[in-house]
Amino acid sequence: MPRDQYARQSLGSTYRLVKESRVLLVGAGGIGCELLKNLVLTGFGEIHIIDLDTIDLSNLNRQFLFRQEHIKKPKALVAKEVAQKFNPGVKLIAHHANIKDRQFNLEWFAGFNIVFNALDNMDARRHVNKMCLAVDVPLIESGTTGFKGQVQVIKKDKTACYDCTAKTTPISYPVCTIRSTPSQPIHCIVWAKSYLLPELFGVSEDEPTELDHSGDTDNVEEIEKLRQEAQALKKIRESMGSDDFAKHVFDKVFKEDIERLVNMEDMWKDKKPPEPLSYETLEQEASSINSSIKLDGQRIWSPAENFIVFKDSLSRLSHRLAEEQSKASKTAQPLPTITFDKDDDDTMDFVAATGNLRAIIFGIETKSSFDIKQMAGNIIPAIATTNAMVAGLCVMQAFKVLRGEFTRTRWLWLWNGSLRTDQLEKPNPECPVCSVAMGRVHVDLEKATLNDLVQDVLRTRLGYGEELTVLTDAGIVYDPDLEDNLEKKLTDLDIEDASFILVKDEEDDNPRIDLRLAIEAKKPTDQSKPVALVEKEGETLDIPRRPTKEDAPNGGDVDGDDANGSVVTNGFSIAPPTVKRKRDLVDDDAASGTPAKKLQGPVAAEVAKNSALNAIVIDEDDGTLLIADDD
Amino acid sequence: MTTEIAPRDVTPPPLQAPTAKEKKYDRQLRLWAASGQRALEDSHVLLIVGDEYQGSNSSVAGVEALKNLVLPSVGSFTIADSAQVTVSDLGVNFFLDSDSLHKSRAEETRRLLSELNPDVTGHAITTPLAEWLPVEGSLKPYNLIIACAPIPSEILQRICFYALQSSIPAIYVQSAGFYASFSIQLPSAFPIVDTHPDPESTQDLRLLAPWPELDAAVDSLGDISSLPDHDHGHIPYILILLYFLREWKANHNGNSPSTFKEKTEFRDLVRSRARVDNPEGGEENFDEACAAVLKSITPPPIDSGCKEMMAMHLCTSLSSDSANFWVIANAIKQFYETHGVLPLPGSLPDMKATSAEYIKLQSLYKAKARSDVAEVTTTVRHTESLLSRETTIPESEIEAFCRNASHVRVLTNPAHEPFPSLRLGSGDHKTISRIASLLENDWEALLPVFVGLNARANPSSPLDVTALTSDPELLETLTKATAEVERVSGGELHNISSVIGGMVAQEAIKLLTRQYVPVDGTCVFDGIRSKSGVYKI
């Protein structure tokens, strides 16, 4: 019996597609490990795995490809090494790198049949979403939190993309709440993590995103005072390493700054004013505590215990910083800093203790360090079981994607162990990412100017008129009133390899929809043109006109059923007879109206028969879930 | 008396950082806490793979489930599997490598699973089931059994019987091709205190049943219309609602607002008393009060699960060896009968108030919760002495029960029913007619998958699907599902087994930690449609 007997038996003709596929797995964390195992054992032909992270102890309860001895090693490399043993027939390529690096450009993305997202953050998810849409590679997006999880298939023009629904942005707090008028434990924790720790051990110029400056103009005076306070703290930082460093820091932030606040009587009309702490009193209380106390993370510490942890963690951090700085000065590297990491005990203890001391000052409930870790670290609970289910479901969706059966792909939720299925949503016509037309240009970056792009490609090749605007991430680089940039090189305008520009048609009469052009550094074949539009053979980039109000409902041009051989979408129009398409077999099936007939056994019939039942949609009040696997 | 003053610059005591263990399991402790972790680590799970070879015998699903239990650190596991590793096993089972070929599958999967977590002890039993199972005490070490289909009836019977007799849960897992399923056999009673209800639903503010101290707090407000703006704008919304409830009752024959219409009218009343002539043009505390009307003006909650528990025989007739759970449940029942409400959980939501006022109110709720716990504890101690029980129930256990009393659940298996697969295999009429009636309303159309997986459960007498339905279309579906299972002849698809292994492990964790509410019945998974459903067969 051959090794792949069972897979061959169950998958039938799909098995060939699986074996010949080239897939990209972004993230080798909780879901990533599970997915890699599944992909390897299912026999996917070539698997690229990318992750920039290294292995941490807290990963081991679920990221089963990693062991104790792998801690601090790159996830991608270890995952590849471990997984390879289990199927020598699969080609595995690992990248210990950031998926946003320029080397992973559109051409690279275009080389995959499927991309799997197993990421822990919105930023990278959005990036991969955008890249996949630009080269029209299907993306299987997944995430878990605790017992909950979800899988979503994203295919250009057929399904909603990651950005079709607005995602909640992280909470931020007004500066004054954090620095002057905290009222909840989280305010004190954010103060410790995003103000005190960076001021003492980090680069304080880095503005933490948790602080919201929008209200600053209303409190000009107070903001100025706070700036002075921060300056004074920097002075104290210079005394780091001296015996009385702890006392200096303590007296500054827990006494003098508080005394200043108390004097601002206006602030305390409605609230109990804060009460400064005394270093001497706490030191005396602390001295009576048995020196062998075990400070357990689940228990709420007394003021004196917080004081002990404050002094101890401050000294640990100071030593660490001194050591790293002396090391760095020898090698002439930039000065090292310490940044918050929820799994770094030194920073965690410091944040817990100083946050609690501040809470005591303001009469706010103190928390255990276990709870503070959750609040400060945005810890998302994670376990093996949910990741295993989600990863298995991703592969199920991948089979359908490989067969091109996008109408049969599903949106899946795991909700405390029960699986819910829903039809994928159609693209949101208002989506800023996927509702635009997309194109690619090859650019000779040594020569190309903005004029080459605007004249040769946009006006001559694509037929744009005079009224158009070109934008980069930084803003407008061209419009009819801004012609100064035309002679500049694209590189001088920060238009580099793997960046995107947006073109808006500003004509009053029947304008085109917005166009996003991906820039690829590659010398065009025609040497005389430094910028050239990339078109696949038999395809022409045709940018649809903006729908007018009357015909808006049908403007999205969503293809609900694969049954049409020729698919016209807002991007490329594909001429059916001459085009050699990637997945002939599948599209033929779809075209003939007998889906997946080559699949053996009653599976296909089962699918066909039950398709009516699939129409039962489970209503989800929650709408989109923003779910992240934490690592 | 002399006070000892420590010398200055005393070196701080050495700190014990969180243990490596706490760090390693941090992400899961956030789900089931230290108590759940302890329960998990005290467990020994047995995985049984049948002796009669049919493809891979769902062994991949079983091993995947174990993987998901080894990672979070189940205490020990044992794999009982008499098979030798084949080449096709290597292609579908991640916990076998090329060196494993022709060796014992139990031993090899044990070896590779053990590598995942040095905190876990693994064992293997390589002798055939028929040999070791009948030995006296063979199943004694285990508190959860996971059996991988197919397993011959007489052996499965023995496993089911043992599990019921010793009150441990058991899970039967089937995985073939795109289809998979698992059934949980519960002991006759399976109580869960920590059901992890939605925090929103656990709030109990007692607005319609205030106790004297809470009433006194309302009294102390006096006539709020005469309060200065600052004080008026800082009355905690709970007291606002209680204050106006009195006024409402005085005008409504002593009745509280109960219908939606009345509650809306009551809300309008509250809103009309907010002061709007202040610089803010309104009062936040009154806004909070209005927002809370529909949700909080309700009789103190009691879940149906808790009522069911109080009616159970185990709750009403205690004996000296009743489990702690039932002794406390009985005390809670007495409490409920005396007061008409459950013990107060005692937590208070955040609200607009002065710190002093908030803390005062918070201590009121906390004090009431403490006194309720004390009352329940007294009853428990009384029962303990009546029954001359040898050990006393820890106070923390009583407290935890009181805090979650309304959401406590007891799952039951009163008829001591074994796995549906076993009943179906023995041609049990009750089971067949149950499936037939379930098929009539099977909107998700997942039951045919279960029927397909079990149609040949007893090879000597295959299931007659025509006995299940007269509907020709449904009959065809059943026949096709059966044929699909036959076609793959027991071969597992790795990712399907991985999904079902994840589900099984998830339920196993719930069963072992006695937290969250596990699946009560049979879960069916259809990989073709990515759908799952739970049936009580």
Side-chain angles (χ1 to χ4, degrees), chain A residues 1-7 9-10 37-38 41-42 57-58 60-62 64 85-86 146 270 272 284 287 291-295 297-298 308-309 311-312 343 345 363 374 379 381-385 388-389 391-393 395-396 410 412 417 419 421 601-603 605-607 610 613-614 616 630, chain B residues 5-6 10 12-13 15-18 20 22-28 30-31 34 56 64 67-68 71-72 86-88 90-92 94 97 116 177-178 230 355-356 443 445 477 480 483-484 487-488 491-496 498-499 501-503 505-507 509 519 527-532:
Chain A
M1 282 200 299
R3 179 183 262 275
D4 58 0
Q5 183 203 342
Y6 298 137
Q9 219 168 24
S10 290
K37 174 198 69 166
N38 293 353
L41 283 189
T42 311
L57 178 60
S58 67
L60 301 189
N61 80 328
R62 62 194 184 286
F64 67 95
K85 286 188 224 148
F86 294 91
D270 290 359
K272 195 170 80 78
Q284 190 173 331
S287 67
S291 66
S292 64
I293 48 157
K294 178 183 185 307
L295 288 177
Q298 313 265 349
I308 293 170
V309 181
K311 275 187 73 175
D312 186 67
D343 291 316
D345 287 341
Q374 174 119 23
I379 291 186
I383 43 165
T385 52
M389 287 183 247
L393 294 170
V395 178
M396 271 334 295
R410 289 282 172 271
L412 307 168
L419 174 68
T421 309
V603 176
E606 188 68 12
V607 170
N610 287 321
L613 290 159
N614 285 348
I616 299 170
D630 72 320
Chain B
I5 295 177
V10 63
L15 284 177
Q16 234 160 318
E22 275 171 324
K23 286 187 84 175
K24 179 164 158 189
Y25 300 117
D26 182 82
R27 301 300 185 271
Q28 69 200 41
R30 317 242 160 222
L31 290 169
S56 43
E64 287 288 307
K67 153 187 152 280
N68 296 326
L71 287 169
T86 65
V87 178
S88 14
L90 296 183
V92 73
F94 193 77
D97 56 29
L116 293 180
F178 286 99
H230 175 260
S355 298
W443 305 119
T477 313
K480 278 187 175 160
E484 167 68 6
R487 180 178 76 82
V488 300
E492 293 178 78
L493 204 51
H494 180 80
N495 69 301
I496 298 289
S498 181
V499 172
M503 291 182 173
Q506 188 126 305
E507 297 312 309
I509 287 168
V519 162
I528 299 170
R529 292 181 295 143
S530 298
K531 270 178 179 277
S532 78

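In what follows, chains carry the letters A, B, and so on, assigned in the order in which the sequence lines appear, proteins first and then strands, with residues in each chain numbered from 1. From a predicted model like this one, the values you see are computed outputs, not experimental measurements.
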Counting heavy-atom pairs under 4.5 Å with chain A, the top scorer among Gly501(B), Pro72(B), Ser530(B) is Ser530(B)

Heavy-atom donor-acceptor pair, Glu507(B) side chain to Val519(B) backbone, under 3.5 Å
yes

Is a side-chain N or O of Thr42(A) found less than 3.5 angstrom from the main chain of Asn38(A), in a donor-acceptor match?
yes

Residue from Leu393(A), Asn61(A), Ile383(A) scoring the most non-hydrogen pairs under 4.5 Å with chain B is Asn61(A)

Candidate list Arg27(B), Lys24(B), Lys23(B), test salt bridge (charged side-chain N to carboxylate O under 4.0 Å, His left out), partner Asp343(A), passing option
Arg27(B)

Under 4.5 Å heavy-atom distance to chain A, tell me which part of Gln28(B) shows up: side chain, backbone, both or neither.
both

Looking at Phe64(A), is Lys67(B) sitting on its ring face, NZ or CZ under 6.0 Å from the six-membered ring centre and within 45 degrees of the normal?
yes

